[in-house]
Amino acid sequence: MSHKITRKMDLNSADFYVEVEAPLVAERFKAGNFTILRSNPQGERIPMSIMKAEDGKIAMFIKKLGKTSMELYKTLDTFENVIGPMGNPIDIKKYGNVVVASDLVCGHAENYAICEALSAVEGNHVISYQTYPTADEVYPDEVLADKVCDEYHLTTEDGSRGEEGHYIDLLEERLEKGEKIDVIFAGGALPNLQELGEMTKAYNVPTIVTVRQIMVDASGMCGACRVFIDGEMKLACIDGPMFDAHKVDWESALRRPNMFVEKETVATKLCKETGRC
Ligand SMILES: Cc1cc2nc3c(=O)[nH]c(=O)nc-3n(C[C@H](O)[C@H](O)[C@H](O)COP(=O)(O)OP(=O)(O)OC[C@H]3O[C@@H](n4cnc5c(N)ncnc54)[C@H](O)[C@@H]3O)c2cc1C
Ligand code: FES
């Protein structure tokens with residue numbers, strides 16, 4: 001069964017928005033789940049975070065990175081498969097003061113979904129931080145998480161829009177002042193999630209982060225997405241993708257996503273030569 005893409009829109013020069021018909025995924029989606037996309041019967045399976053699900057459709061934010069994402073941006077109007085929901089959703093409950101933070105495409109999608117789910121729970125004060133490098137990279141207003149949280153902070157690293165600085169530094173300032181934050185959920189650039197974990201450990205703030213790893217089958221069979229949590233091997237596709245940042249073996253989690261760079265570069269080059277990317 002193929003899935004019709006109902007909307008594509010540029011978010012900035014590198015990232016785009018895609019909405020696709022996927023009623024079975026949409027009706028069971030909970031914040032923190034992801035989906036697996038396949039563009040054609042021979043295509044690779046690529047994992048994507050889900051920003052929102054409504055009216056039988058799911059929405060995603062995608063970066064033009066390599067073969068599949070560039071082909072999707074340029075030529076595709078259907079997906080062969082949209083599988084899921086995959087992975088474990090977050091625990092949707094009362095936490096108190098919740099921070100949801102992001103600095104990259106996948107994290108921004110999760111930010112929206114998590115804010116929407118947790119702000120619906122009485123007793124939560126949901127604070128969203130979305131960090132972009134500069135004003136030029138900020139997504140259009142209609143997809144920012146400001147309308148699904150209680151307190152919103154748009155930040156740019158060069159200060160060209162919103163507050164100046166990365167969310168890690170701005171959060172540290174709040175914690176240093178003694179503000180109470182009960183839990184942090186964060187997604188985005190892996191090295192920054194490591195840094196966030198190191199920072200919040202000192203303040204004893206529980207910090208749950210998305211550990212993005214290469215996924216092949218995404219069903220726990222191949223071991224490609226293995227991560228080490230507190231010394232124990234876990235599979236990001238079925239045990240995650242969100243884990244306690246204070247327990248992740250960051251050295252191996254940061255190394256593994258670059259395993260196939262040479263093959264990916266060749267695939268992208270061939271795709272460009274055929275005009276599909
Ligand atoms: C749980 C999860 C959620 C994600 N959410 C998003 C999202 O919301 N938006 C987004 O743009 N990207 C997201 N990604 C990353 C996305 O899957 C890769 O960018 C995509 O697979 C790239 O494919 P490509 O063919 O365009 O690029 P390629 O040239 O094949 O790969 C470029 C880079 O993408 C990563 N990657 C490649 N294949 C995979 C794979 N099968 N599984 C995981 N990572 C891979 C690697 O770091 C690789 O070096 C997510 C990954 C995971 C694991
Ligand atoms: S992707 Fe194969 S075990 Fe997770």
Side-chain angles (χ1 to χ4, degrees), residues 1-11 15-65 67-93 100 102 105-121 126 139-145 147-149 185 187 210 212 215-221 225 235-242 276:
M1 173 188 160
S2 74
H3 298 259
K4 191 171 166 211
I5 294 171
T6 49
R7 190 174 175 206
K8 265 191 224 178
M9 152 177 100
D10 282 327
L11 294 169
D15 304 343
F16 60 105
Y17 170 97
V18 170
E19 203 174 79
V20 61
E21 285 174 355
L24 296 178
V25 182
E27 81 185 23
R28 289 178 297 141
F29 167 73
K30 292 205 174 86
N33 285 137
F34 62 95
T35 182
I36 294 284
L37 307 172
R38 206 158 60 125
S39 55
N40 62 65
Q42 286 76 43
E44 64 173 345
R45 297 155 64 94
I46 63 166
M48 283 294 153
S49 305
I50 299 173
M51 174 227 176
K52 69 174 176 186
E54 61 188 19
D55 303 330
K57 295 176 205 153
I58 59 168
M60 295 160 283
F61 297 158
I62 302 182
K63 186 170 285 300
K64 288 176 253 172
L65 203 60
K67 178 184 178 295
T68 306
S69 52
M70 280 160 56
E71 187 180 44
L72 163 59
Y73 178 74
K74 195 166 171 191
T75 50
L76 295 186
D77 51 19
T78 58
F79 286 117
E80 179 74 14
N81 304 113
V82 180
I83 304 164
M86 313 296 291
N88 297 289
I90 58 155
D91 213 356
I92 299 165
K93 63 175 190 183
V100 188
S102 55
V105 58
C106 39
H108 293 317
E110 291 157 11
N111 195 322
Y112 190 101
I114 295 174
C115 283
E116 190 169 42
L118 292 184
S119 59
V121 178
V126 179
Y139 290 177
D141 288 351
E142 69 169 287
V143 298
L144 297 179
K147 52 215 66 70
V148 287
C149 65
F185 292 92
T210 304
R212 261 179 310 110
M215 292 186 182
V216 178
D217 65 330
S219 58
M221 305 288 282
C225 66
L235 298 171
C237 64
I238 55 169
D239 300 317
M242 301 194 90
R276 288 187 62 77

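What you see is a predicted model; the values in this text were computed from it and never measured.
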Please name the pair of heavy atoms, one in [X] and one in [Y], separated by the smallest distance, quoted to 0.1 Å.
X	Y	answer
Ala113	Ala31	O-CB, 3.5 Å
His3	Ala22	ND1-CA, 3.9 Å
Gly220	Cys237	N-SG, 3.3 Å
Ile5	Thr78	CD1-N, 3.8 Å
Glu71	Ser39	OE1-OG, 3.7 Å
Met242	Thr210	CE-OG1, 3.4 Å

- prompt: Where do Ile90 and Leu118 land on the side-chain contact (heavy atoms from CB on, under 4.5 Å) test, with the steps shown first?
  reply: CA-CA 9 Å; Ile90 58 155; Leu118 292 184; 3.9 Å; yes

query: Which pairs with one or both residues in residues 111-121 pass side chain to side chain donor-acceptor pair (under 3.5 Å), sequence neighbours excluded?
result: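 The answer is Ser102-Asn111, Asn111-Ser128.
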
- prompt: Just wondering, do Met215 and Phe34 contact through their side chains at under 4.5 Å, heavy atoms?
  reply: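 Yes. Closest side-chain heavy atoms under 4.5 Å.
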
query: Is Arg212 close to Cys106 at the side-chain level, that is, under 4.5 Å between some pair of heavy atoms?
result: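 Side-chain contact under 4.5 Å: yes.
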
message: Counting the benzene-type ring for Trp, do Tyr139 and Phe61 have ring centres under 6.0 Å apart?
response: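 Yes - the distance between ring centres of Tyr139 and Phe61 falls below the 6.0 Å cut-off.
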
Say whether, by atom type as modelled, one donor and one acceptor occur between the side chain of [X] and the main chain of [Y] under 3.5 angstrom.
X	Y	value
Asn40	Gln42	yes
Thr6	Glu19	yes
Lys8	Leu72	yes
Lys93	Val121	no
Arg38	Glu44	no
Arg28	Gly84	yes

query: Of the options Ile36, Leu37, Thr35, which is the one that meets Ile46 in a side-chain contact (heavy atoms from CB on, under 4.5 Å)?
result: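 When Ile36, Leu37, Thr35 are each tested with Ile46, the side-chain contact (heavy atoms from CB on, under 4.5 Å) holds only for Leu37.
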
Reference residue Ile58; test side-chain contact (heavy atoms from CB on, under 4.5 Å); the match among Asn33, Val18, Val25: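 Exactly one pass, corresponding to Val25.
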
field: Flag for Ser2-Glu80: side-chain donor and acceptor within less than 3.5 Å
entry: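 Absent: no donor and acceptor within the cut-off.
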
task: Could you verify whether a donor N or O on one side chain and an acceptor N or O on the other, from Tyr73 and Asp10, lie under 3.5 Å apart?
output: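 Result is yes, a qualifying pair exists.
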
What distance do [X] atom [atom1] and [Y] atom [atom2] have between them, rounded to the nearest 0.5 Å?
X	Y	atom1	atom2	value
Ser49	Met60	OG	CE	10.0 Å
Ser69	Asp15	OG	CG	10.0 Å
Phe16	Ile62	CZ	CD1	4.5 Å
Lys63	His108	NZ	NE2	8.0 Å
Met48	Thr68	CE	OG1	8.5 Å

- request: Tell me whether the guanidinium CZ or amine NZ of Arg7 lies under 6.0 angstrom from the six-membered ring centre of Tyr17 and within 45° of its axis.
  value: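 That pair qualifies as a cation-pi contact.
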
Check whether more than 12 heavy atoms from other residues, nucleotides or ligands sit under 6.0 Å from atom [atom1] of [X], and answer yes or no.
X	atom1	answer
Lys4	NZ	no
Lys64	NZ	yes
Met9	CE	yes

